[in-house]
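For the single chain, residues carry numbers from 1 onward in sequence order. In what follows, every heavy atom counts, from backbone to side chain, and hydrogens, waters and symmetry copies are set aside.
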Amino acid sequence: MTSNPPPTADARLPSGHFIPALPHSVGVLGGGRMGAGIAHAFLMAGCEVLVVERDTEAAAAARSRVENAVAKSVERGAAGGPDGFLARLAVSTDYAHFARCGLVVEAVPEIRDLKVSSLQAVERHLGPAAHLASNTSSLSMTGLAAELERPGNFIGLHFFNPVPASTLVEVVVAAQTLPMLVDSAQGWVAALGKTAVVVNDAPGFASSRLGVVLALEAMRMLEEGVASAEDIDNAMVLGYRHQTGPLRTTDLVGLDVRLEIADYLAETLGERFAPPQILRDKVARGELGRKSGKGFFDWG
């Protein structure tokens with residue numbers, strides 16, 4: 001197995017501390033689009049990576065996603081062949097294999113009860129010095145931490161879709177998170193070649209809260225016939241220099257995910273986050289965005 005390259009001597013965090021090395025072995029719970037992207041990021045940075053899925057079929061699909069992501073990185077010029085990267089990848093259905101990991105990132109669907117049970121199941125197998133992170137995009141990190149035996153070792157690492165192309169990771173600090181872990185998390189993000197923004201726990205954090213409110217208003221405009229989906233998006237891309245418009249971004253995130261987040265934010269922050277009927281109708285019809293072939297745009 002290949003060990004991680006050390007951080008450069010002049011790499012420092014905003015706090016003035018040196019960037020800590022990535023854990024030698026990193027686990028990812030869940031190998032869907034986000035989990036596979038997270039696994040790919042740590043693989044490309046030199047870590048041994050273990051992906052755990054619920055059954056053999058899901059595990060095979062997760063391996064395929066990671067392999068495809070690695071192949072694309074090599075095509076784009078990543079040093080080394082795909083075999084070298086994939087030699088550090090393991091895929092399993094057994095949580096016990098997390099025992100060797102210094103960090104495990106949970107990336108299961110955005111359902112609180114599922115998050116809690118999954119995090120508790122992982123924590124039971126971690127060593128005393130290992131850290132646990134959640135990729136949740138909106139759920140209370142403080143609330144999740146309260147369900148764990150070692151809440152101080154828990155932090156949010158909110159990656160963005162698609163993970164290989166996104167340079168942002170939101171580091172979300174629960175009330176129980178140990179301060180040293182915040183520095184470590186920022187260092188890990190820097191070692192992945194990405195930029196961390198640190199956010200104290202609050203509903204929707206910073207990114208989801210701002211992104212969802214913009215997306216919901218774009219949906220209301222479409223629903224009211226103000227403009228087409230393409231023109232609404234172009235207004236933000238061309239006028240405000242957003243990389244993608246709010247409706248296309250919703251298609252990439254998944255309309256079902258956006259709906260879950262909006263419902264949660266409406267419950268915790270008020271009616272301004274109430275999802276419009278057009279979003280509920282599309283989700284009910286199975287129009288979930290890119291992953292289903294259709295959302296606000298046609299991905300066929």
Side-chain angles (χ1 to χ4, degrees), residues 2 4-49 51 65-66 68-70 72-80 85 88-89 101-107 131-138 141 154-173 177 180-201 204-211 241-244 249 252-253 257:
T2 305
N4 303 318
T8 58
D10 59 352
R12 288 181 179 269
L13 297 168
S15 64
H17 298 159
F18 285 111
I19 291 176
L22 285 164
H24 178 75
S25 184
V26 174
V28 180
L29 178 62
R33 185 182 296 276
M34 289 303 300
I38 294 167
H40 165 267
F42 282 103
L43 273 179
M44 302 307 290
C47 300
E48 295 179 3
V49 177
V51 179
R65 292 186 191 100
V66 178
N68 289 338
V70 168
K72 289 177 181 177
S73 291
V74 171
E75 288 173 5
R76 289 192 295 264
F85 292 109
R88 290 186 272 105
L89 173 67
C101 296
L103 167 68
V104 175
V105 182
E106 165 272 310
H131 299 293
L132 181 57
S134 175
N135 185 54
T136 181
S137 56
S138 65
M141 286 294 300
F154 180 60
I155 198 165
L157 291 177
H158 177 205
F159 289 80
F160 287 76
N161 185 28
V163 177
S166 175
T167 58
L168 174 65
V169 178
E170 200 169 27
V171 174
V172 186
V173 184
T177 304
M180 289 183 62
L181 179 53
V182 180
D183 272 353
S184 293
Q186 292 178 81
W188 299 335
V189 172
L192 294 176
K194 301 182 185 295
T195 299
V197 295
V198 179
V199 182
N200 290 321
D201 185 33
F205 316 138
S207 59
S208 292
R209 188 164 170 176
L210 290 170
R241 299 186 179 183
H242 290 197
Q243 187 172 1
T244 57
T249 299
L252 294 173
V253 170
V257 176

Would a 4.5 Å heavy-atom cut-off, applied to side chains only, mark [X] and [Y] as touching?
{"X": "V171", "Y": "V189", "value": "yes"}
{"X": "P164", "Y": "K72", "value": "no"}
{"X": "Q186", "Y": "V198", "value": "yes"}
{"X": "S134", "Y": "M141", "value": "yes"}
{"X": "V163", "Y": "K194", "value": "yes"}
{"X": "T136", "Y": "F205", "value": "yes"}
{"X": "H131", "Y": "I155", "value": "no"}
{"X": "L89", "Y": "F42", "value": "no"}

Would the distance check show the side chain of [X] and the main-chain N or O of [Y] forming a donor-acceptor pair, the cut-off being under 3.5 Å?
{"X": "E170", "Y": "A206", "value": "yes"}
{"X": "N161", "Y": "M34", "value": "no"}
{"X": "N200", "Y": "V173", "value": "no"}
{"X": "S184", "Y": "M180", "value": "yes"}
{"X": "T177", "Y": "F154", "value": "yes"}

Distance-minimising heavy-atom pair for [X] and [Y]:
{"X": "C101", "Y": "G27", "result": "SG-N, 3.6 Å"}
{"X": "I38", "Y": "A107", "result": "CD1-CB, 4.2 Å"}
{"X": "A45", "Y": "A191", "result": "CB-O, 4.1 Å"}
{"X": "A79", "Y": "F85", "result": "O-CZ, 3.2 Å"}
{"X": "R88", "Y": "C47", "result": "NH1-O, 2.8 Å"}

With rounding to the nearest 0.5 angstrom, report the [atom1] to [atom2] distance, [X] to [Y].
{"X": "L132", "Y": "L29", "atom1": "CG", "atom2": "CG", "result": "9.0 Å"}
{"X": "L168", "Y": "S207", "atom1": "CG", "atom2": "OG", "result": "6.5 Å"}
{"X": "R65", "Y": "R33", "atom1": "CZ", "atom2": "CZ", "result": "8.0 Å"}
{"X": "L103", "Y": "W188", "atom1": "CG", "atom2": "CH2", "result": "4.5 Å"}

Next item on the list: Please determine which of V28, V49, L43 meets the side chain to side chain contact (heavy atoms under 4.5 Å, CB included) test together with V66.
Entry: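 Going through V28, V49, L43 one by one, the side chain to side chain contact (heavy atoms under 4.5 Å, CB included) with V66 is satisfied by L43 alone.
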Margin query: Please determine whether side chain to side chain donor-acceptor pair (under 3.5 Å) holds for the pair T244 and T249, giving the CA-CA distance in whole Å, both sets of side-chain angles, and the decisive distance to 0.1 Å.
Written below: CA-CA 6 Å; T244 57; T249 299; 2.6 Å; yes
Item checked: Check: T167/T195 side-chain N/O donor and acceptor closer than 3.5 Å ->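 Side-chain D/A pair, T167 to T195: absent.
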Check: Hey, are H40 and S73 close enough side-chain-wise for a donor-acceptor pair under 3.5 Å?
Finding: yes
